[in-house]
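To keep things clear, I will list the structure first and then write my remarks on it.
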Amino acid sequence: MSQESTAITDYPEELAASGPLSNNRVKMFIGLAVVIAALGYLGFMAFQSATVYFYTVGEIRQVGPSEEGRVVRIGGQLVPGSFSREPGSTLAHFSLTDGTETIGAVHFGILPDLFFNEHSEIILEGSYTQDGVFESHNVIVKCPSKYVAAG
């Protein structure tokens, strides 16, 4: 009788090691791995689509036209006397320079007040076209590093 009692008590442990409890752990591990992989993929794709390349005027001319749908940023200063806008329109034409190279730019929309400050750096977001013109959809004006008294 003692042999039967040991066989009965050992049987549930063997069943548990190869039975439903082990299967649940494997399923849980696989499910967790799938969720982690999916979150990693979504995070990578979000990071890739959020990256915006920043170029100077000279660099964008060397790189050439941006890919279709790709947003880039260029930085420079407004070329004095290059700004023009037709009356009653929000389409502005102007040129940016980095001190050595100059590029033509177009912006449709309202421009910030600091845009016309000769000491401010202007950053444009948009695309560089085949025509050699930068089409801007966003204008960022950095504050000058030092303020100068109005003369």
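The structure presented is a predicted model; accordingly, all values stated were derived computationally and were not measured. These values consider heavy atoms only, across backbone and side chains, with no hydrogens, waters or symmetry-generated copies.
Looking at E59, its side chain does come within 3.5 Å of a backbone N or O of T56 through a donor-acceptor pair. The backbone N or O of T129 lies less than 3.5 Å from no partner atom in the side chain of S127, so there is not a single donor-acceptor pair. With hydrogens and angles disregarded, no donor-acceptor distance shorter than 3.5 Å links the side chain of D98 to the backbone of G76. Proximity of a side-chain donor or acceptor of R61 to a complementary backbone N or O of G132 within less than 3.5 Å is not detected.
The side-chain heavy atoms of M28 and V26, taken from C-beta on, include no pair separated by under 4.5 Å. Using a 4.5 Å cut-off on side-chain heavy atoms (C-beta onward), F94 and H107 make contact. With a 4.5 Å cut-off on side-chain heavy atoms, F54 and I74 do not count as touching. Side-chain contact between L124 and I122 is present, with at least one heavy-atom pair separated by less than 4.5 Å. Between H137 and E125 there is a side-chain heavy-atom pair separated by less than 4.5 Å. Contact of the L111 side chain with the F83 side chain is registered, since non-hydrogen atoms from C-beta on lie closer than 4.5 Å.
No more than 12 heavy atoms of other residues, nucleotides or ligands lie within 6.0 Å of CD1 in I110, so this atom counts as exposed by the packing criterion.
Between the side chains of S136 and N138, no donor-acceptor pair is found at a separation under 3.5 Å.
Put simply, the residue from V57, V106, V72 that forms a side chain to side chain contact (heavy atoms under 4.5 Å, CB included) with F134 is V72.
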Going through the distances and angles, do V79 and L96 end up as a side-chain contact (heavy atoms from CB on, under 4.5 Å)?
CA-CA 6 Å; V79 174; L96 283 184; 5.8 Å; no
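The minimum heavy-atom distance linking S82 with S95 is given by the pair OG-N, 3.1 Å. The two residues G75 and E121 make their nearest non-hydrogen contact at CA-OE2, 4.0 Å.
Linking ILVMFWY side-chain heavy atoms closer than 4.5 Å, directly or via other members, places V141 and Y55 in a single hydrophobic cluster.
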